[in-house]
Amino acid sequence: MADDKKLPKRSEDFSAWYNETVLKAELADYSPVRGCMVIRPRGYGIWERMQRQLDSSFKDTGHQNAYFPLLIPESFLHKEAEHVEGFAPEVAVVTHGGGKKLDEPLVIRPTSETIIYAMFAKWVQSYRDLPLLINQWANVVRWEMRTRLFLRTLEFLWQEGHTAHATEAEAQEETIKMLNVYRDFMESWMAMPVITGMKTDAERFAGAVRTYSCEAMMQDNKALQAGTSHNLGQNFSKAFDLKFQTEAGGTEFAFNTSWGVSTRLIGGLVMTHGDDFGLRVPPLLAPIELVIVPIWRTDDDKTRVMEAARNITATLNGWERRKTGKLRVHLDDREGMSPGAKYYEWELRGIPLRLEFGPRDLDANQCVLVRRDNRVKRTVTLDSIGEDVADLLSMIQTDMRVDAFERREANSYRGDISYDKFREIMEGPGGFVYAGFCGSGECEQAIKEETKATIRVLPDEEFRSAEPPMKCLKCGRGSVAEALWARAY
RNA sequence: CGGGACGUGGCGCAGCCCGGUAGCGCACCUGAAUGGGGUUCAGGGGGCCGCGGGUUCAAAUCCCGCCGUCCCGACCA
């Protein structure tokens with residue numbers, strides 16, 4: 001009984017649970033530099049699967065990958081007034097190069113709007129060059145004061161899409177389209193349901209006309225902004241002289257959009273699905289979907305069991321499914337480690353399905369399948385093992401999404417509520433509160449100061465209440481919009 | 001930058017009050033037995049006790065200074 005192997009109880013200290021789970025499951029480690037993070041192979045494997053799926057969605061929507069420089073002239077940042085104001089406090093600046101002080105400092109990109117639209121300006125001449133649909137996979141640096149593994153690190157990996165369009169309407173359509181690409185990915189692949197909607201001015205991206213966001217609920221009932229999509233209007237095209245000749249022969253500034261998701265998604269995955277035994281990774285994102293743990297007593301058994309286990313592994317590894325490709329199977333043939341110890345380890349890592357196989361099973365032509373999501377065991381025959389495993393995995397994917405959805409709904413509050421009740425919720429268990437909003441920044445600010453809750457989004461139509469709250473949560477005046485309030489990461 | 005706590009093998013900690021030359025658990029290495037939910041026994045390696053100075057015959061321990069980390073606020077994907 002090694003106590004230090006156990007994780008803190010999620011219900012007692014969610015933050016401690018989160019940190020220890022991420023470290024013990026070996027997703028990441030701390031770096032020598034404060035606030036930076038080392039993503040270990042297990043964490044990176046999940047990120048690679050995320051990348052692959054997102055990237056193919058981007059290709060499907062006509063985007064091409066490109067790469068832009070890490071270093072940006074400081075003056076670029078200053079060309080868009082709101083943008084520099086938003087990002088200046090958190091940029092890292094390079095002042096020396098080649099042993100000499102630079103004439104103009106270079107900033108390490110906190111995001112790439114400026115350098116990308118400077119390049120777009122060179123590439124675009126006529127409406128025929130539009131739309132220009134670009135995505136880049138990159139790292140960015142933001143000098144945050146307080147950091148947290150995956151959720152807020154000084155440096156993080158992300159993808160940022162940048163597009164230029166001939167019309168406002170087309171840019172708006174793109175903004176919403178990519179928001180929905182994110183939403184589909186988060187719900188279908190991460191099994192993490194999200195609320196989409198527009199941000200208020202207070203939370204809008206610095207330099208955007210409109211910002212849209214996907215907001216997920218974590219298990220401590222706090223919100224996580226999981227992905228954003230911005231309609232930049234002509235703010236950047238004007239700043240970087242990104243204009244084109246129209247079909248009619250006139251000159252017009254292009255309309256831009258940008259959108260991104262980051263390694264923060266991994267943190268969201270952990271905080272959405274983890275339990276007291278560690279990670280739970282949805283099958284579609286799991287680098288290993290099924291782990292086979294062989295069991296034996298005598299050397300004789302060992303030989304027979306291992307041989308059969310290798311055969312099962314070979315069969316399953318080649319198993320082709322209709323949509324999700326070949327099964328990803330791993331045989332845990334480590335010796336000198338008890339089966340129980342292996343179970344705990346694989347559970348900590350969140351592998352969705354475990355196959356236990358011992359002498360008794362061998363004789364009966366069967367095995368035991370154990371789901372990671374609910375830890376339910378089932379004895380099944382080996383005759384149809386491929387189908388059974390494939391079915392179980394897709395069931396796990398669905399069940400995890402439904403679980404997360406139901407948890408979110410159980411912690412959501414709708415309809416007019418008193419401000420006292422609201423405070424009680426925010427200071428107590430937390431949750432998503434759908435409440436009226438008069439549209440005044442003063443009410444928004446006052447609530448933030450008093451309860452730490454912010455308007456996550458003004459929810460899209462499908463998330464709004466059947467009978468929307470009529471009164472502003474704070475001032476009691478008639479509301480102009482329904483707002484989703486929550487404390488956030 | 002304000003308020004609090006803490007720096008001791010890879011990790012987590014005890015020792016400090018009351019000075020005497022460093023210990024525990026886990027991890028790691030070797031051997032044997034074990035193996036259907038965190039095995040057991042035996043043996044072993046590894047530590048400028050955050051850094052610098054002071055007091056003392058003697059400092060992990062007392063005093064001063066510095067550095068660093070974490071938590072709470074201001075910032076934020």
What's the closest nucleotide to the side chain of [X] if the choices are [options]?
X        : options             : result
A/Lys452 : B/G37, B/G35, B/G73 : B/G73
A/Ile295 : B/G36, B/G38, B/A74 : B/G36
A/Glu144 : B/G37, B/C75, B/G35 : B/C75
A/Arg297 : B/G37, B/C75, B/G36 : B/G36

Just call it for [X]: base, sugar-phosphate, or nothing, with non-hydrogen atoms closer than 4.0 Å on any strand.
X        : value
A/Gly336 : base
A/Thr153 : base
A/Val368 : base
A/Leu151 : base
A/Phe156 : base
A/Asp361 : base
A/Pro89  : nothing
A/Glu203 : nothing

**OP:** Please round to the nearest 0.5 Å and tell me the distance separating atom CG of A/Asp460 and atom CG of A/Asn180.
**Re:** 7.5 Å
Original post:
Is the distance from OP1 or OP2 of B/U39 to the nearest side-chain N or O of A/Ser338 less than 4.0 Å?
Top reply: yes
**OP:** Ignoring backbone atoms, establish whether A/Lys377 has a side-chain N or O less than 4.0 Å from OP1 or OP2 of B/G37.
**Re:**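 Checking A/Lys377 against B/G37: no side-chain N or O falls below 4.0 Å of OP1 or OP2.
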Original post:
So what does the secondary structure string of RNA chain B come out as, 5' to 3', with Watson-Crick or wobble pairs under 3.5 angstrom, [ ] for crossing and | for pairs with another strand?
Top reply: ((((((((.[[[[.)....(..]]]].((((((.....)))))).....[[[[[..)....]]]]])))))))....
**OP:** Decide, yes or no, whether a salt bridge links A/Arg354 with A/Glu347 under the criterion of side-chain N to carboxylate O below 4.0 Å.
**Re:**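 Yes, A/Arg354 and A/Glu347 are salt-bridged.
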**OP:** Identify whether the distance between the nearest side-chain nitrogen and carboxylate oxygen of A/Asp55 and A/Arg52 falls below 4.0 Å.
**Re:**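 Salt bridge flag = no for A/Arg52 with A/Asp55.
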Original post:
With under 30° as parallel and over 60° as perpendicular, where do the rings of A/His63 and A/Trp259 fit, or are they tilted in between?
Top reply: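 Answer is perpendicular, since the angle exceeds 60°.
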**OP:** Look at the aromatic rings of A/Phe422 and A/Trp485 and report parallel, tilted or perpendicular, splitting at 30° and 60°.
**Re:**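 Aromatic pair A/Phe422/A/Trp485 classed perpendicular.
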Original post:
Only one of A/Thr211, A/Thr200, A/Ile195 forms a side-chain contact (heavy atoms from CB on, under 4.5 Å) with A/Val457, so which one is it?
Top reply: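 When A/Thr211, A/Thr200, A/Ile195 are each tested with A/Val457, the side-chain contact (heavy atoms from CB on, under 4.5 Å) holds only for A/Ile195.
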Original post:
Does the separation of the ring centres of A/Tyr117 and A/His162 fall below 6.0 angstrom?
Top reply: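 Between A/His162 and A/Tyr117, which both carry aromatic rings, the centre distance is below 6.0 Å.
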Original post:
Hey, which of these two, A/Arg34 or A/Ala226, hits RNA chain B nearer its 5' end, going by closest nucleotide?
Top reply: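 It is A/Arg34, whose closest nucleotide lies nearer the 5' terminus.
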